Amino acid sequence: MSEHSPTLDRRAHPRTSANRWQTALTSIAPNAILIRGYPVDEMMGRLSFAEAVYLLLMGELPTPAIGRMLNAVLVSTIDHGVTPPSTLAARNVATSGAPLKDCVAAGILAFGPHHGGDIESCMRFLDAGLTAVRAGQSPAEAADRLVEACLRDGHAPPGFGHRFHTRDPRAARLFQMALELELDGEHVRMIRAIERAVDSRAAALERPLPVNVDGAIAAISADLGFSYDLGNAIFLVSRLPGLIAHAHEERLRQEPMRQIDPSDHGYDGSRERRLPETRK
């Protein structure tokens, strides 16, 4: 049933107030829509999309600094080319001629522990370090033990390493903004300590392990008060436009039912360009 469809007449089966289930998100009444208590028509044009997302997820309006920080987080992972599993899933469904919603759904279903889910893993990892600090270890000691345990088990610390980047420009910018906006709390300080512990082992590592964008989002999201599962939700919200764009482009530019080889693609879009001064 569409959200615009008339509701069924339930007068024959009235519910008592004791049997009603409750929601604290959005109130709908004739000619009135309240999101967390705020009229949506007043929010329109006054709140950014990121600020509205924060309100819906957290229950209160963000400060201007938090709104700007979350907006940067949402932009940071809006897309990452054709090779991520979620993008390939969306394009593979699009090449069958399926509706756009099905293509995007396939992309969302491709998120997992190694793609998108690393944010939650990293948030838990950072909290483990902070628990050790509260128990008396220094941040450096806690970080060293966490990193040593990961390397001993044969895997990179969550939030570190990348297939393409030896320095993830998105993570660097997010940390810079957190510092400028005075939002770099204990989780950001913990991941920086872990970064130093990783760097101290650079000679013994087979490949560079920079803090990646998932690690930056994990630390910043935790400092903003988001729970583990909402950290993953932020990635989902951020990547949705990218999945839509790839599925749409696949249907517009490519032949149906093709075999998609991600290593065989080329880029023919705009050359690098700078944002106008008014948008800095």
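The structure presented is a predicted model; accordingly, all values stated were derived computationally and were not measured.
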Participant: For a side-chain contact (heavy atoms from CB on, under 4.5 Å) check, start with the C-alpha distance between F160 and C150, then their side-chain angles and the critical distance, and finish with the verdict.
Facilitator: CA-CA 11 Å; F160 285 77; C150 288; over 6 Å; no

Participant: With the 4.5 Å side-chain cut-off for hydrophobic clustering, are F235 and I244 part of the same group?
Facilitator: yes

Participant: Between V73 and L56, is there a shared hydrophobic cluster once you connect ILVMFWY residues whose side-chain heavy atoms come closer than 4.5 Å?
Facilitator: no

Participant: Would the distance check show the side chain of H246 and the main-chain N or O of L243 forming a donor-acceptor pair, the cut-off being under 3.5 Å?
Facilitator: no

Participant: Judged by atom type as modelled, is there a donor-acceptor pair below 3.5 Å linking the side chain of N71 to the main-chain atoms of A50?
Facilitator: no

Participant: Tell me whether S238 contacts the main-chain N or O of T77 through its side chain, where contact means a donor paired with an acceptor under 3.5 Å.
Facilitator: yes

Participant: To the nearest 0.5 Å, tell me how far D229 CG sits from L236 CG.
Facilitator: 12.0 Å

Participant: Start with the C-alpha gap between M58 and F226, add the side-chain angles, then the distance that decides, and say whether side-chain contact (heavy atoms from CB on, under 4.5 Å) holds.
Facilitator: CA-CA 8 Å; M58 301 296 283; F226 286 103; 3.5 Å; yes

Participant: Measuring from atom CG of L70 to atom OG of S48, what distance do you get when rounded to the nearest 0.5 angstrom?
Facilitator: 7.5 Å

Participant: Less than 4.5 Å apart, any side-chain heavy atom of F175 and any of V188?
Facilitator: yes

Participant: I want to check something: taking the side chain as every heavy atom from C-beta on, are R189 and L130 in contact at a cut-off of under 4.5 Å?
Facilitator: no

Participant: Return the CD to CD distance between E250 and E255, rounded to the nearest 0.5 Å.
Facilitator: 10.0 Å

Participant: Do you know which two heavy atoms are closest between R251 and A98, and how far apart they sit?
Facilitator: NH1-O, 3.2 Å

Participant: Closer than 3.5 angstrom, by distance alone: can the side chain of D168 be matched with the main-chain N or O of H162 as a donor-acceptor pair?
Facilitator: no

Participant: With rounding to the nearest 0.5 Å, note down the distance linking CD in E186 to CD1 in I191.
Facilitator: 13.0 Å

Participant: Taking atom OG of S86 and atom CG of L240, what is their separation to the nearest 0.5 Å?
Facilitator: 10.5 Å

Participant: May I ask you to decide if N92's main-chain N or O and T95's side chain share a donor-acceptor pair within less than 3.5 Å?
Facilitator: no

Participant: Taking all heavy atoms of N212 and all of G161, pick out the closest pair and write down the distance.
Facilitator: ND2-O, 2.8 Å

Participant: Give a yes or no on this: more than 12 heavy atoms of other residues, nucleotides or ligands lie within 6.0 Å of atom NE2 of H248.
Facilitator: no

Participant: Check step by step if side-chain contact (heavy atoms from CB on, under 4.5 Å) holds for R258 and R91.
Facilitator: CA-CA 10 Å; R258 73 185 183 106; R91 281 186 173 263; 4.1 Å; yes

Participant: With salt bridge (charged side-chain N to carboxylate O under 4.0 Å, His left out) as the test, would you mind laying out the steps for R192 and D199 before giving the verdict?
Facilitator: CA-CA 10 Å; R192 288 305 208 181; D199 288 345; over 6 Å; no

Participant: Considering all heavy atoms of both residues, which atom of P62 and which atom of G67 are nearest to each other, and what is their separation?
Facilitator: CB-N, 3.9 Å

Participant: If you take all heavy atoms of A128 and L146, which pair is closest and at what distance?
Facilitator: CB-CD2, 4.3 Å

Participant: Is R36 atom CZ crowded by more than 12 heavy atoms from other residues, nucleotides or ligands, each under 6.0 Å away?
Facilitator: yes

Participant: Before giving the answer on salt bridge (charged side-chain N to carboxylate O under 4.0 Å, His left out), spell out for R145 and E141 the whole-Å C-alpha distance, their side-chain angles and the decisive distance to 0.1 Å.
Facilitator: CA-CA 6 Å; R145 293 186 181 185; E141 290 172 334; 5.9 Å; no

Participant: Is there side-chain contact between V53 and I234, with heavy atoms separated by less than 4.5 Å?
Facilitator: no

Participant: So which atom in V93 and which in S96 form the shortest heavy-atom distance, rounded to 0.1 Å?
Facilitator: O-OG, 2.6 Å

Participant: So how far is it from M69 CE to I220 CD1, rounded to the nearest 0.5 Å?
Facilitator: 4.0 Å

Participant: Do R239's NZ or CZ and the ring of F111 fall within the cation-pi criteria of under 6.0 Å and 45°?
Facilitator: no

Participant: Using modelled atom types and a 3.5 Å cut-off, is there a donor and acceptor pairing between side-chain atoms of D214 and backbone atoms of G159?
Facilitator: no

Participant: Is the shortest heavy-atom distance from the side chain of V82 to the side chain of E249 under 4.5 Å?
Facilitator: no

Participant: Does some side-chain heavy atom of V104 sit less than 4.5 Å from a side-chain heavy atom of I108?
Facilitator: yes

Participant: Hey, does I194 have a side-chain heavy atom less than 4.5 Å from the side chain of L126?
Facilitator: yes

Participant: Applying side-chain contact (heavy atoms from CB on, under 4.5 Å), run through S76 and R173 and close with a yes or a no.
Facilitator: CA-CA 9 Å; S76 70; R173 176 58 178 153; over 6 Å; no

Participant: Keeping the roles fixed (side chain from D223, backbone from H187), state whether a donor-acceptor pair exists under 3.5 Å.
Facilitator: yes

Participant: Do V198 and L205 make a side-chain contact, defined as non-hydrogen atoms from C-beta onward lying under 4.5 Å apart?
Facilitator: yes

Participant: Cluster question for you: counting only ILVMFWY and a side-chain heavy-atom cut-off of under 4.5 Å, with indirect links fine, are L55 and I33 together?
Facilitator: yes

Participant: Do the non-hydrogen side-chain atoms of I260 and Q254 ever get within less than 4.5 Å of each other?
Facilitator: no

Participant: So does R134 pair up with D127, basic N to acidic O under 4.0 Å?
Facilitator: no

Participant: Membership question, hydrophobic clusters at under 4.5 Å side-chain separation (ILVMFWY): are L61 and M43 in the same one?
Facilitator: yes

Participant: For residues Y54 and V75: do they belong to one hydrophobic cluster (side chain heavy atoms under 4.5 Å, members Ile, Leu, Val, Met, Phe, Trp, Tyr)?
Facilitator: no

Participant: Could you report the tightest heavy-atom contact between A247 and A94, atom names first, then the distance?
Facilitator: O-CB, 3.7 Å

